[in-house]
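I have placed the structure first, in the form of structure tokens, so that the comments after it can refer back to it.
Heavy-atom basis, side chains included; hydrogens, waters and symmetry copies ignored.
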Amino acid sequence: MIDSVAHDLKSRLEWGQPGFTILDVRDRHSYNKGHITGAVSLPIKDLAARAKSSFHTKRDIFVYGENDTETAQAVHTLREAGFSHVTELKGGLAAWKSVGGATEEI
């Protein structure tokens with residue numbers, strides 16, 4: 001179910017649950033055009049080099065990319081780097097918007 005993760009994530013944000021990061025692995029231009037409010041930009045080309053210095057490996061991380069293939073690749077990269085709580089946001093920004101999630105642009 002594509003919207004289930006997006007819906008669960010939106011609920012966590014609305015309830016103010018701490019301790020997670022939303023990671024946008026698209027390129028900087030796509031991020032600037034629009035992204036989930038509060039998402040951290042870390043383009044997939046930089047992910048392997050920067051993830052460990054940017055995030056604790058036990059942190060809950062929700063990842064989305066340009067498409068589900070890029071998202072799955074990013075999740076795989078993070079898991080290979082030792083991150084154990086990584087979740088794919090299938091459908092990416094479109095799935096997020098479909099559940100009424102807040103977005104912003106730069």
Side-chain angles (χ1 to χ4, degrees):
M1 185 171 230
I2 285 181
D3 292 341
S4 65
V5 172
H7 188 270
D8 292 346
L9 178 56
K10 184 173 180 272
S11 294
R12 285 183 72 172
L13 284 170
E14 288 170 347
W15 284 97
Q17 292 185 0
F20 65 91
T21 297
I22 303 169
L23 189 59
D24 184 325
V25 297
R26 300 173 304 153
D27 63 54
R28 180 63 84 176
H29 177 73
S30 296
Y31 176 85
N32 290 346
K33 283 177 50 179
H35 56 272
I36 294 173
T37 300
V40 175
S41 176
L42 184 52
I44 196 162
K45 65 182 180 58
D46 302 326
L47 188 60
R50 291 185 43 210
K52 279 206 154 189
S53 64
S54 300
F55 309 106
H56 191 281
T57 56
K58 300 278 189 231
R59 186 164 186 85
D60 287 344
I61 301 175
F62 292 85
V63 180
Y64 71 98
E66 195 65 47
N67 53 52
D68 288 346
T69 301
E70 184 177 75
T71 301
Q73 179 185 353
V75 167
H76 177 76
T77 299
L78 289 168
R79 288 184 178 146
E80 287 288 309
F83 291 86
S84 52
H85 303 286
V86 184
T87 303
E88 290 180 51
L89 180 53
K90 291 186 186 285
L93 195 56
W96 180 251
K97 287 178 179 179
S98 76
V99 298
T103 61
E104 60 188 0
E105 58 187 64
I106 296 174

Open item on the list: Show me the pairs that pass salt bridge (Lys or Arg N to Asp or Glu O under 4.0 Å) and involve residues 22-42, at least two apart or across chains.
Closed with: Asp24-Arg26
TODO: Quick one: closest heavy-atom pair of Ile36 and Tyr64, and the distance?
DONE: N-OH, 3.0 Å
Open item on the list: Give me each pair satisfying salt bridge (Lys or Arg N to Asp or Glu O under 4.0 Å) with a member in residues 11-20, each pair once, sequence neighbours excluded.
Closed with: Lys10-Glu14, Arg12-Asp60
Open item on the list: Tell me every residue that passes side chain to side chain contact (heavy atoms under 4.5 Å, CB included) with Ser84, counting only those two or more places apart in sequence or in another chain.
Closed with: Lys58
- [ ] Mind listing the closest non-hydrogen atom pair of Ala6 and Ala95 along with its distance?
- [x] CB-O, 3.8 Å
Task: For Asn32 against Glu105, the heavy-atom pair lying closest together - done: O-CB, 3.4 Å
Open item on the list: Go through it in stages, so that I can follow the logic: the residues are Leu9 and Thr87, the test is side-chain contact (heavy atoms from CB on, under 4.5 Å), and I'd like the CA-CA distance, side-chain angles, deciding distance and then a yes or no.
Closed with: CA-CA 10 Å; Leu9 178 56; Thr87 303; over 6 Å; no
Open item on the list: Once rounded to the nearest 0.5 Å, what's the spacing between atom CG of Leu13 and atom CG of Asp8?
Closed with: 11.5 Å
TODO: List, by chain and then residue number, the residues other than Val86 in its hydrophobic cluster (Ile/Leu/Val/Met/Phe/Trp/Tyr, side-chain heavy atoms under 4.5 Å); write none if there are no others.
DONE: Leu23, Val25, Val40, Leu42, Ile44, Leu47, Phe55, Ile61, Val63, Val75, Leu78, Phe83
Open item on the list: Can you pull out every salt bridge (Lys or Arg N to Asp or Glu O under 4.0 Å) where at least one residue sits in residues 69-87? Sequence neighbours excluded, please.
Closed with: none
- [ ] Find the distance between CG (Asn67) and CD (Gln73) and round it off to the nearest 0.5 Å.
- [x] 9.5 Å
Open item on the list: The criterion is side chain to side chain contact (heavy atoms under 4.5 Å, CB included); which residues satisfy it with Glu104, sequence neighbours excluded?
Closed with: His35, Thr37
- [ ] State, yes or no, whether a side-chain contact exists between Glu88 and Val5 at a heavy-atom distance under 4.5 Å.
- [x] no
- [ ] Quick one: name the residues clustered hydrophobically with Tyr31, using the 4.5 Å side-chain heavy-atom rule over I, L, V, M, F, W, Y, and just say none if it's on its own.
- [x] Ile106
TODO: Any pair with a residue in residues 39-54 that passes salt bridge (Lys or Arg N to Asp or Glu O under 4.0 Å), sequence neighbours left out, goes on the list, sorted by first then second residue, please.
DONE: none
